[in-house]
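Quick notes on the structure that follows.
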Amino acid sequence: MKYLRELLIILSIYLAGEFVSRFFNLPIPGNITGMLILLALLYFKIIDVKKVENISNFFLNHLPFFFIPAGVGLINSMGILKDSWFQILLVSVITTVFIIIITGYTVEKIQNKKNN
């Protein structure tokens, strides 16, 4: 029952994100909006982490399984992608470097804030 309750909380937040995204006609997908709502609820301690911890760990432990449909979709779209492989590779490398730099900067800031 605990997993079902936690799943219901996560799905409710997801549906709230979908509703907000569609109601306000946001350019952000509903699942991202739902994650932002969940982040806000956790940050402001409206929802305790323990109330979604088990189902979150389950999803994280089985995360590779959720990438199978995306991988199959890429394989099915190979005809479209082969014409622009260089642009995709270039954007992937640039964004990866950008994410590494931003992550390093963020971790450094957090560590400096902890030490002070």
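For Leu60, the CG atom is densely surrounded, since the number of other residues' heavy atoms within 6.0 Å is greater than 12.
Through ILVMFWY side-chain contacts below 4.5 Å, Leu8 is grouped with nothing and stands alone. Using a 4.5 Å cut-off between side-chain heavy atoms of Ile, Leu, Val, Met, Phe, Trp and Tyr, Ile102 falls into a hydrophobic cluster with Phe98. Residue Leu4 shares its hydrophobic cluster (ILVMFWY side chains chained together at separations under 4.5 Å) with Met1. Other residues sharing the hydrophobic cluster of Ile110, ordered by chain and number and joined by side-chain separations under 4.5 Å: none, the residue standing alone.
The hydrophobic clustering, which links ILVMFWY residues whose side-chain heavy atoms are closer than 4.5 Å, places Phe65 and Phe58 together. Val97 and Ile99 end up in different hydrophobic clusters when Ile, Leu, Val, Met, Phe, Trp and Tyr side chains are linked at under 4.5 Å. Ile37 and Ile46 end up in the same hydrophobic cluster when Ile, Leu, Val, Met, Phe, Trp and Tyr side chains are linked at under 4.5 Å. Leu7 is connected to Leu38 through a chain of hydrophobic side-chain contacts under 4.5 Å among Ile, Leu, Val, Met, Phe, Trp and Tyr, so both are in one cluster. Both Phe59 and Leu11 are assigned to one and the same hydrophobic cluster, defined by single-linkage of ILVMFWY side chains at heavy-atom distances under 4.5 Å.
Within the model, atoms CG of Asp48 and CG of Leu41 stand 12.0 Å from one another, a figure rounded to the nearest 0.5 Å. With rounding to the nearest 0.5 Å, the separation of CG in Leu15 from CD1 in Ile10 is 11.5 Å. In this structure, CG on Leu26 lies 5.0 Å from OG on Ser21, to the nearest 0.5 angstrom. Taking CD1 of Ile13 as the reference point, atom CG of Leu36 lies at 12.0 Å (rounded to 0.5 Å). Rounding to the nearest 0.5 Å gives a distance of 8.0 Å between NZ of Lys51 and CZ of Arg5. Thr33 OG1 to Ile28 CD1: the interatomic distance, rounded to the nearest 0.5 Å, is 5.0 Å.
Not one N or O on the side chain of Ser77 forms a donor-acceptor pair closer than 3.5 Å with the backbone of Leu74. Checked by atom type and distance alone, the side chain of Ser56 pairs as donor or acceptor with a backbone atom of Val52 at under 3.5 Å.
The two residues Glu6 and Lys50 come nearest to each other via the heavy atoms OE2-O, 3.8 Å. Of all heavy-atom pairs spanning Thr96 and Ser92, the tightest one is OG1-O, 2.6 Å. Across Ile47 and Leu42, no two heavy atoms sit closer than the pair O-CD2, 3.4 Å.
Proximity of the aromatic rings of Phe66 and His62 is defined here by a centroid distance below 6.0 angstrom, and this criterion is not met.
Considering only residues two or more places apart in sequence or on other chains, Asn25 meets the side-chain contact (heavy atoms from CB on, under 4.5 Å) condition with none of them. Under the ring-ring contact (aromatic ring centres under 6.0 Å, His included) criterion, Phe23 pairs with Phe19, sequence neighbours left out.
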